[in-house]
Amino acid sequence: MLKRTCNCGDPRKENSGETITLSGWVNTYRDQGKGLVFIDLRDRYGMTQVVFDGEDSPQETMEIGSSLRREDVISVEGVVRVRDGAPNKKLATGEIELVAKRIEVINRTETLPILPDDHDADQIGEEHRLRYRYIDLRRPKMQRILKLRHQITQFTRNFFADRNFLEVETPLLISPTPEGARDFIVPSRHQAGRWYALPQSPQIFKQILMVAGCDRYMQICKCLRDEDPRADRQAEFTQIDLEMSFVERDDVLDIMSEFATSIYKEVSGIDLGDLPRISWSDAMNNYGSDRPDIRFDLQFTDVTDVVKANDFKVFASAIEQGGVVKAMRVPGGASTLTRKMTDGYAEIAQTYGAGGLPSVKLVDGEFTTGISKFIASVKDELVSALSLEDGDLVLFGVGPFRVACTSLGQVRLQVAKDMGLVNEDEYKGLWVIDFPMFDWDEERERFISEHHPFTAPLESELDKLRDNPIDCISSGYDLCINGSEVAGGSIRIHNPETQSLVFEKLGLSAEEAKTKFGFLLDALQFGAPPHGGIAFGLDRLVMMMIGTDNIRDVIAFPKTQTGADLMCEAPGDADPEHLEELGITVDVSDDATAQV
RNA sequence: GGGGCGGUAGCUCAAUUGGUUAGAGUACCGGCCUGUCGAGCCGGGUGUUGCGGGUUCGAGUCCCGUCCGCCUCGCCA
């Protein structure tokens, strides 16, 4: 093989006269006719124009040159020279070209299913990009993403290594867990009929590392959750996972704030500014989200008490059932938002569980449209509670607290988009703290952890954990940037009594807890330090820095919505003998599925 | 599990109310062209209209089923 002496992004004017060899892919070819062919040769580092010139290139090289097609792989030895014509300002190597002397065609390509060309690759159906990922990844844009991701992990390792964190690997084959997401399971051969689970996160192991005296742990690790994906969610994703001993909440928030602001700064030049801390309650009440986007205002006002006096049925019955009425003032919304748009908002509210989306406009000092005639009696009170001005639109979130808030919160996001309130170049983050410990699950008729079962309550809330768990505030915290949750963590429970109590509140019998988490409860009995930590969603960090809504863009080999890898055609069939060895028989009939 | 959108040439798309031989750009193939750079010009259609049924004189188009992809609700401690 003709060995390269430098990369396609390297040659400069200073190298003219030098004989070099480049290897790479033919990005484009421009055949000018007998005696002159240009190709752009591309590798990860850049592109160089190679010229096959009848006057300077040997006849044989000339002939091969004119037969080249896009994405053929070649090595070319030649002489660097300053271009005759105008330099190409789009290329770093645009002032020079390589005059081909010797060429080796390493591999020709069939007609390509997709072209690795940033000009129109974004138009190509994603199905094709995923099936031929090795071609898609050749695109400069995808190469930039791979590189940025690498820079982020590199920065992360250095940042935490500098601060005494140890990178420790935790197992992939672990025991199934009762709480949380659906586990991927793996059959055991030595104990046929028993199963491993793939980790949803290394949670318990990192806590045990704290008990083991590691003091500070970090890992960039795969997490696996067998749940339906979304645009920003994959079953298989990566976390920057951390845990620290002898810390309180503020210690974790401080060091993680430093990490977040410095990684944005260093890797992308983005200034996150300060990261304010707001309570979950304020976030829900004012923004209708536990991960509010604070790049724009549009806050809510609770008008439950204001509209109580009124007998409008929708409000009255919601309040009667213990619900609330939230109002969002949209300044100037009366004229800028069309009927079609507000109808769309109502659909959004309904999608998130609200009955509808009552609204009124304030025009010439009077309520018009929507529910104006039903709430005329409390007009003055509403105007003053919301500081309404002429031309404002008011949208109401009605229902049980979480439904009223989150449905209006989703509407808030769309309104901001429609009114152009979102500056896409701006990055604003905040910590959401003081989460509740539990939420009540109507279906299962029991408490479920708002964060996870190892989250400690705030020290001052210990009494409530026993007597009034629904009001108990946890030590949990989430870091949200531009309305996206990028990290979440908590101070953990480090004494077995509290841990048992939480399991009990979650409806986990002592026996069950012992079976599933016995080793953790044991560990807590043998000298567990107070500890806490956090996990950053690496994929979402990369998404935000690269400016994409699609998580598949930032994963080299992502899966589709049905968990398929289109390139390698996973999942695949297993060898029947292998299954027999594992004691597994498979029944995929409709009946069998229906029974599950 | 539910809702929505889509599947036509290698790729991106078009095809009137169900009506002649399913078209265009690009890629690809052939030819021309010595300074191009998303080269240009001339010529070439390379097709199981995702798959299986059905209705009809006639289906890319309508109906039923199914598969695949995307968005989404549930789900994601």
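As a basis for the values below, the full set of heavy atoms in this structure was taken, side chains included, without hydrogen atoms, waters or symmetry mates.
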Handout entry: A:Arg70 NZ/CZ over A:Tyr29 ring centroid, <6.0 Å and within 45° of normal
Key = no
Problem - First of A:Asp40 and A:Leu36 reached from the 5' end of RNA chain B, by closest nucleotide - result: A:Leu36
Completion exercise
To the nearest angstrom, the CG-P distance between A:Leu115 and B:C28 comes to 7 Å
Exercise for the section: Scan A:Ile124 against the nucleic acid and name what it touches under 4.0 Å (heavy atoms): base, sugar-phosphate only, or nothing. Expected result: sugar-phosphate
Practice task
Check the distance between B:C76's P and A:Asp228's CG and give it to me in whole angstrom.
Solution key: 11 Å
Practice task
Provide, to the nearest angstrom, the distance between the CD1 atom belonging to A:Ile96 and the C1' atom belonging to B:C37.
Solution key: 13 Å
Problem - Integer angstrom distance from the P of B:G44 to that of B:A59 - result: 30 Å
Practice task
Hey, which sits more toward the 5' end of RNA chain B by its nearest nucleotide, A:Gln410 or A:Glu55?
Solution key: A:Glu55
Problem - A:Glu97 and A:Arg30 ion-paired at < 4.0 Å - result: no
Exercise for the section: Would you indicate what A:Lys90 reaches in the nucleic acid, counting non-hydrogen atoms under 4.0 angstrom: base, sugar-phosphate, or nothing? Expected result: sugar-phosphate
Problem - NZ/NE/NH1/NH2 to OD/OE distance under 4.0 Å, A:Arg446 and A:Glu179 - result: yes
Practice task
Return yes if the base of B:G74 and the side-chain atoms of A:Arg230 contain a donor-acceptor N/O pair under 3.5 Å, otherwise no.
Solution key: yes
Exercise for the section: For A:Glu127, answer base if it contacts any base atom (sugar-phosphate contacts may also be present), sugar-phosphate if it contacts only those atoms, and nothing otherwise; contact means non-hydrogen atoms under 4.0 Å. Expected result: sugar-phosphate
Handout entry: Strand-adjacent residues in residues 56-71 of chain A, judged by heavy atoms under 4.0 Å from RNA chain B
Key = A:Arg69, A:Arg70
